[in-house]
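Note on naming: letters A, B, ... go to the chains in the order of the sequence lines (proteins, then strands), and numbering restarts at 1 for each one.
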There are 2 protein chains.
Amino acid sequence: MPQVKQSTSGGAQLLDRAVILLDLVANGGVNGVTLKDLTANSGLNTATCHRILNTLVGHKLLARDDKKRSYRLGARMAIYGARAARGPGIISSYDAALTRIRRKTGDTIHLMVRLNHDSVCLDRRDGECVVPTLTGSIGGAVALGVGPGSIAMLAYLDEDEQEFIIRANAERYASYRDLNPDKVRKLIASTRERGYAIDVGELIPGIAGVSVPIFTDGTKASASLGFTLLCAKLTPGSLHQYALMLKEEIAMISDS
Amino acid sequence: MPQVKQSTSGGAQLLDRAVILLDLVANGGVNGVTLKDLTANSGLNTATCHRILNTLVGHKLLARDDKKRSYRLGARMAIYGARAARGPGIISSYDAALTRIRRKTGDTIHLMVRLNHDSVCLDRRDGECVVPTLTGSIGGAVALGVGPGSIAMLAYLDEDEQEFIIRANAERYASYRDLNPDKVRKLIASTRERGYAIDVGELIPGIAGVSVPIFTDGTKASASLGFTLLCAKLTPGSLHQYALMLKEEIAMISDS
DNA sequence: GCATAAATTTCCACATTATGACAAATTGAC
DNA sequence: GTCAATTTGTCATAATGTGGAAATTTATGC
């Protein structure tokens with residue numbers, strides 16, 4: 001399943017195709033991705049695929065493992081990534097806030113962002129006690145609809161967009177206990193009422209989460225800021241307090 | 001000055017052009033880069049440039065700052081970068097070694113890699129005492145020829161490639177005290193005799209460096225592993241000891 | 001070790017795709 | 001209000017990218 005919209009080529013077909021391949025490689029496992037996989041999953045002609053891959057390798061956006069005959073992300077990607085994180089952008093904007101919140105609460109914080117049908121972790125601070133999270137680490141992704149960090153974003157999109165994403169992700173929900181499209185729709189509804197998303201032990205036993213949407217253009221959310229913590233740490237009303245703290249931080253950053 | 005080779009398009013001109021633009025944006029300052037700069041520095045037609053930028057922004061490889069009308073690296077870059085660092089590749093390969101060396105010596109270590117005419121920091125561990133380094137932080141770059149970390153790589157390239165790079169970087173050397181093409185050539189010669197590159201306070205007063213090349217295909221170096229430390233810490237023969245330690249680590253990793 | 005299959009890489013005639021000149025509309029700055 | 005820069009659009013042109021097929025290399029079975 002190609003993670004990137006194929007059509008809508010505004011006069012740059014080759015670039016669209018390159019991104020499809022980059023995405024497939026980026027989502028590939030630790031063994032890299034082989035040409036065969038890439039042609040199969042991208043739907044591109046073998047020769048075309050190969051030519052694009054060669055160019056990407058030439059620019060070091062990808063790297064080829066000659067022994068395993070597989071492709072992986074290249075050095076230039078790592079460099080660009082480091083600069084993207086350090087340069088202007090959402091990561092830098094929230095850097096100080098993450099550190100501050102971490103110091104204040106001692107819990108695990110993460111900054112999530114939407115990418116196609118996924119919710120991806122852009123940055124995080126690990127809490128005092130290690131808690132398992134859905135995305136694992138920076139760069140990790142889950143299907144939009146899974147976990148409060150992603151629901152907080154999904155809840156604040158256009159309704160048709162929500163529906164489209166939920167349908168597209170339906171099969172992926174199956175690997176989580178008690179999760180399905182209807183459940184996601186209910187979570188969206190309760191999130192909109194509440195103003196933030198929560199989960200108390202439903203996805204990972206004993207682990208709770210609170211997430212607040214970050215709005216970029218008024219009504220639509222493109223990112224979220226959230227906690228992951230132990231259910232044992234919860235007291236009545238504490239989730240709400242957490243949400244308030246997050247909202248304050250977001251408000252401060254949005255103003256500047 | 002475009003940082004990326006323009007011609008040699010093996011059937012993917014659009015991709016080559018996209019990388020030129022990505023590079024210009026990645027090298028741009030904290031204020032982002034404007035369309036005008038991009039057209040001027042890339043030599044591309046305005047309309048073409050704009051169309052490519054739009055596509056890149058659409059894929060979130062770049063982001064547009066509507067207020068400042070400038071472009072910067074996008075969220076997808078940050079994500080890919082995080083995965084490039086975590087997934088298979090040179091960074092993962094050297095991750096444990098960097099940590100081990102840091103623990104053993106307490107000094108600042110960095111893993112450098114060649115990218116076009118630059119030497120870029122891919123990973124590092126900061127030492128007990130903070131020392132100023134040429135590249136600053138992960139993702140930082142200097143002209144090939146500046147500093148032992150880059151000389152260690154430059155010294156082990158084909159001679160014509162060396163000459164080409166030295167000539168291309170000549171003006172950039174001017175901003176460093178006593179550095180010029182001839183000086184770089186001498187540093188290369190002494191490095192090849194010694195087997196590793198050193199600098200004792202010549203580039204940054206009071207700061208020394210030792211770097212060892214990492215060979216990927218027999219004779220040509222594509223990366224380097226090095227220390228940055230205080231001159232005050234040096235004792236006779238200690239630089240050589242440092243170099244030996246680095247070589248051992250590299251040998252262990254290359255074998256596996 | 002050899003035969004066979006599979007995957008990768010190269011080649012090339014063709015037409016789809018990207019190009020760039022031009023112009024108009026839009027936006028922001030001074 | 002004027003100007004410069006950005007954005008959107010159109011369109012004829014050909015250069016660019018395409019994909020079928022063949023050649024090559026590598027993997028697999030016997």
Side-chain angles (χ1 to χ4, degrees), chain A residues 2 4-22 24-25 28-29 31-72 74 88 216-218, chain B residues 2 4-22 24-25 28-29 31-74 217:
Chain A
V4 182
K5 59 181 171 192
Q6 301 221 23
S7 53
T8 55
S9 163
Q13 187 195 58
L14 180 56
L15 255 179
D16 295 333
R17 292 178 165 187
V19 175
I20 292 174
L21 293 178
L22 287 176
L24 287 170
V25 174
N31 293 318
V33 187
T34 173
L35 173 65
K36 199 191 169 193
D37 299 338
L38 289 170
T39 52
N41 294 320
S42 67
L44 295 174
N45 173 285
T46 309
T48 305
C49 210
H50 188 258
R51 183 160 24 85
I52 298 173
L53 288 170
N54 261 344
T55 310
L56 291 172
V57 169
H59 289 300
K60 301 201 188 187
L61 287 171
L62 293 182
R64 193 199 318 265
D65 186 324
D66 288 313
K67 214 166 58 184
K68 293 199 288 185
R69 304 197 136 233
S70 66
Y71 295 87
R72 53 167 201 259
T216 28
D217 57 347
Chain B
V4 183
K5 59 180 171 193
Q6 302 220 24
S7 52
T8 55
S9 162
Q13 187 195 58
L14 181 55
L15 255 178
D16 294 333
R17 291 178 165 187
V19 175
I20 292 175
L21 293 177
L22 287 176
L24 287 169
V25 173
N31 292 317
V33 186
T34 173
L35 173 65
K36 199 189 167 194
D37 300 337
L38 289 170
T39 52
N41 294 319
S42 66
L44 295 175
N45 173 285
T46 307
T48 305
C49 207
H50 190 259
R51 184 157 24 84
I52 297 173
L53 289 171
N54 261 343
T55 309
L56 291 172
V57 169
H59 290 301
K60 300 200 188 187
L61 287 171
L62 293 182
R64 194 198 319 265
D65 186 324
D66 288 314
K67 216 167 55 183
K68 295 199 286 184
R69 277 148 179 265
S70 66
Y71 295 87
R72 53 167 201 260
L73 294 176
D217 57 346

In whole Å, measure the gap between the C1' atoms of dA15(C) and dT19(C) for me. 16 Å
Can you find a heavy atom in the side chain of N45(A) that is under 4.5 Å from one in the side chain of T39(A)? no
With a cut-off of less than 4.0 Å, is there a side-chain N or O of R17(B) near OP1 or OP2 of dA18(C)? no
Specify the separation, in whole Å, of atom CG of D37(A) and atom C1' of dA6(C). 14 Å
I need the CG-P distance between L38(B) and dT7(D), as an integer number of Å. 11 Å
Rounded to whole angstrom units, what separation is found between the CG atom of L21(A) and the P atom of dG17(D)? 15 Å
Could you tell me whether a side-chain N or O of N41(A) sits under 3.5 Å from a main-chain N or O of D37(A), the two making a donor and an acceptor? yes
Starting at atom CG of D66(B), determine the distance to atom C1' of dA5(D), rounded to an integer number of angstrom. 15 Å
Which distance, rounded to the nearest 0.5 Å, do you find between the CG of D65(B) and the NZ of K67(B)? 7.0 Å
Are side-chain N/O atoms of R72(B) and N31(B) paired as donor and acceptor at under 3.5 Å? no
Separation of L15(A) atom CG from dT19(C) atom C1', in whole Å? 14 Å
Report the nucleotide, chosen from dG20(C), dA21(D), dA7(C), that has the shortest atom-to-atom distance to any side-chain atom of T48(B). dG20(C)
Whole angstroms only, please: what is the NZ-C1' distance between K36(B) and dT7(D)? 16 Å
It should be established whether R64(B) places a side-chain nitrogen or oxygen under 4.0 Å from OP1 or OP2 of nucleotide dT7(D). yes
OP1 or OP2 of dT8(D) under 4.0 Å from side-chain N/O of N54(B): yes
Distance in angstrom units between D16(B) CG and dT19(C) P, rounded: 11 Å
Which nucleotide in the set dA18(C), dT6(D), dT7(D) lies at the smallest distance from any side-chain heavy atom of H50(B)? dT7(D)
Hey, which sits more toward the 5' end of DNA chain C by its nearest nucleotide, R69(A) or N45(B)? R69(A)
Counting only side-chain nitrogens and oxygens, does Q13(B) get under 4.0 Å of the OP1 or OP2 atom of dT17(C)? no
Any T34(B) side-chain nitrogen or oxygen under 4.0 Å from OP1 or OP2 of dT6(D): yes
Examine distances only and state if a side-chain atom of T48(B) and a backbone atom of L44(B) form a donor-acceptor pair shorter than 3.5 Å. no
Answer with base, sugar-phosphate or nothing: what part of the nucleic acid does R51(A) contact at a heavy-atom distance below 4.0 Å? base
Check whether any side-chain N or O of Y71(A) sits under 4.0 Å from OP1 or OP2 of dT8(C), and answer yes or no. no
L35(B) CG to dG28(C) C1', straight-line distance once rounded to whole Å: 14 Å
